[in-house]
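Reading through the structure tokens given below for one structure.
Sequence positions, counted from 1, serve as the residue numbers for this chain. Read the numbers this way: they start at 1 and go in the same order the structure lists the ligands and their atoms.
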Amino acid sequence: MGCVESKKIIENVTNSDIKTVYHIEDAFFEKEVKCELRVTEAANLAEKIKLDRQINKNNKYKTKYDARILAKYDVLALIGKGTFSMVARVENKQTKQPYAIKIIESEEGREAFEVELAILRRVKCPYIVQLIEVFESVDKIYMVMELATGGDLFDKVQSRGPFSEKEAVNVLKMVLEGVKYLHNLGITHRNLKPDNLLYYHPGSDSKLMITDFGLAHSRRSADDILMQTICGTPEYVAPEMVARQPYTNAVDLWAVGVITYILLRGDFPFFDEDRIRLYKKILRGKYSLSDEVWVEVSENGRDFVRQALQVDPTLRLTAVEALRHQWILATHQSPKRKQVCRSESSGGGGESWSRRSSAHSSRSLRSSHSSRSGPSSSTRRPPSARVLPHHLESLEGALSMHGTPGIPPTPLLHHPCSTRHPPHSSWER
Ligand SMILES: Nc1ncnc2c1ncn2[C@@H]1O[C@H](COP(=O)(O)OP(=O)(O)OP(=O)(O)O)[C@@H](O)[C@H]1O
């Protein structure tokens, strides 16, 4: 930045700031140095202005927060926005411990948020983002959560390219432990994907945590195992859901199969820009395990993918079986990661949770050239993250003509919301 530009900046700031600059110049420096100093000062001033603007922006942002939150936390920055929510990084004023706070204010989002909240209140597992405390006001809910600072698995695959088998297994062990825990509690996530798997910290030994329970389903009784709502992210939805059949928590394992494929191949097993063609591919369950990347993957690794991507959900691996699969067992868990998930019903977890709480797009990795050697330049995140019922409606004709290989024929379900296309939050569960 030259002197002319720095002057421009100085002109934009307050009189007292300008005086300070001239005072230093006059007292100590020759002209040339003065100019440099002015640039430095100007840069500082520019920084100050930027900071002021940021503070103003944050202040504006802070008005969205309940006074109870502002009394306890400093709101530091916006992390991201979801369909109905906003997540910000906050810091506990006393302990300086950073957290993420999720806020929702729209009526439509509130319903989904309440489902998410009810589920998060029940879980305590190192591989699931932990809820710390909740604030509710008339029109908003605020969830203070564990902060994940390492980015998500999608970004990791995108920046690094496909994982080695050992790395993939390490990831999958954590995800499967989380999924096993959820399934034991009768919870089906229904939106597992690399975007919803967050690294706790940026280090290479970071654990992964499952997040985003906005589409999750919690069963009401032991025999209430079938779900009907069509939801999720197109590239990850299981064939039985596409076929509009009642489905079980096996849909999560299908998603684990898709994630495994992505980790090892750096690309989707099923992909098409056209949703109908994508769903037809999923229904057929046809994907490639034979190109140059897969040749490098062990037979055990390929077998794991095949067992997770079984079109027939009754033949698909369960989370427990997946954790016992030879490929997963072959890579030993490091002692650091050996953590136990506890539920409120399993003793200590629930109690410590109550104590603590009272105290305080889908995207696409699509690349025709992706390889193990590096990330693809054409990787990108598709804008939409949800399956809408009408996407599947137009499949009905195609399905009734061609049938659904691998899935026993049952009549297509009528979706109660299929003509209104409501947000996922209000769909029948
Ligand atoms: N505990 C957390 N720590 C760090 N980042 C988080 C945390 N929870 C959510 N995020 C990030 O905040 C952003 C918004 O998340 P949010 O759950 O509100 O919406 P989403 O899941 O991205 O979108 P949608 O709700 O539409 O599916 C995402 O980038 C998400 O990765």
Side-chain angles (χ1 to χ4, degrees), residues 61 64-65 69 73 75-92 97-117 119-121 123-134 140-159 174-175 178 189-203 206-217 229 231-237 255 356 360-364 380-388 421-427:
Y61 187 55
K64 291 192 174 293
Y65 289 83
I69 292 170
Y73 297 98
V75 180
L76 301 181
L78 179 69
I79 295 177
K81 284 185 172 185
T83 315
F84 304 115
S85 52
M86 196 156 59
V87 177
R89 186 190 169 103
V90 299
E91 190 179 88
N92 183 300
Q97 180 75 28
Y99 294 101
I101 189 161
K102 187 163 174 171
I103 168 174
I104 189 141
E105 48 190 332
S106 84
E107 256 316 301
E108 346 170 60
R110 203 174 165 117
E111 202 185 317
F113 208 52
E114 272 165 3
V115 171
E116 181 167 11
L117 189 57
I119 287 174
L120 283 176
R121 280 188 200 274
V123 302
K124 182 164 178 60
C125 170
Y127 305 119
I128 296 170
V129 170
Q130 183 68 51
L131 180 70
I132 307 298
E133 64 177 330
V134 181
K140 297 186 190 89
I141 309 178
Y142 309 85
M143 298 190 329
V144 180
M145 298 179 296
E146 227 176 340
L147 175 73
T149 57
D152 66 42
L153 183 62
F154 180 90
D155 285 336
K156 192 73 97 194
V157 183
Q158 198 178 38
S159 62
M174 294 184 270
V175 176
H189 187 282
R190 302 199 293 191
N191 200 17
L192 289 173
K193 54 180 176 176
D195 327 41
N196 286 337
L197 300 170
L198 304 180
Y199 281 99
Y200 187 48
H201 63 71
S206 168
K207 67 172 178 172
L208 265 175
M209 301 187 292
I210 299 172
T211 188
D212 193 357
F213 286 76
L215 295 182
H217 174 268
T229 304
C231 61
T233 300
E235 286 78 6
Y236 302 84
V237 292
R356 214 160 5 135
H360 30 194
S361 70
S362 126
R363 307 178 299 183
S364 165
R380 65 196 160 72
R381 295 175 189 242
S384 157
R386 306 288 192 215
V387 172
L388 295 171
H421 315 150
H424 62 84
S425 56
S426 57
W427 295 359

Judged by non-hydrogen atoms, does D152 sit under 4.0 Å from ligand 1?
no
Is there a polar contact between ligand 1 and [X], counting only N or O atoms under 3.5 Å apart?
X    : value
D212 : yes
A148 : yes
K81  : no
T83  : yes

Quick one: does [X]'s side chain have a donor or acceptor within less than 3.5 Å of a partner on [Y]'s backbone?
X    : Y    : result
S85  : I104 : no
K207 : P126 : yes
R190 : L215 : yes

How does T149 reach ligand 1, by side chain, by backbone, by both or by neither, if only non-hydrogen atoms under 4.0 Å count?
neither
Honestly, for K102 the part within reach of ligand 1 (heavy atoms, under 4.0 Å) is side chain
Which atoms of ligand 1 have any heavy atom of [X] under 4.0 Å away?
X    : value
S85  : 16 (P), 18 (O), 19 (O)
V129 : 1 (N)
M145 : 1 (N), 8 (N)
A100 : 1 (N), 2 (C), 3 (N)

Taking side-chain contact (heavy atoms from CB on, under 4.5 Å) as the criterion, tell me which of I103, L131, I101, V87 meets it with M143.
L131
From I104, I101, T211, L198 - option closest to atom 7 (C) of ligand 1 by heavy atom
L198
Can you find a heavy atom in the side chain of [X] that is under 4.5 Å from one in the side chain of [Y]?
X    : Y    : answer
L197 : I210 : yes
R89  : T149 : yes
L153 : Y199 : yes
Y73  : L76  : no

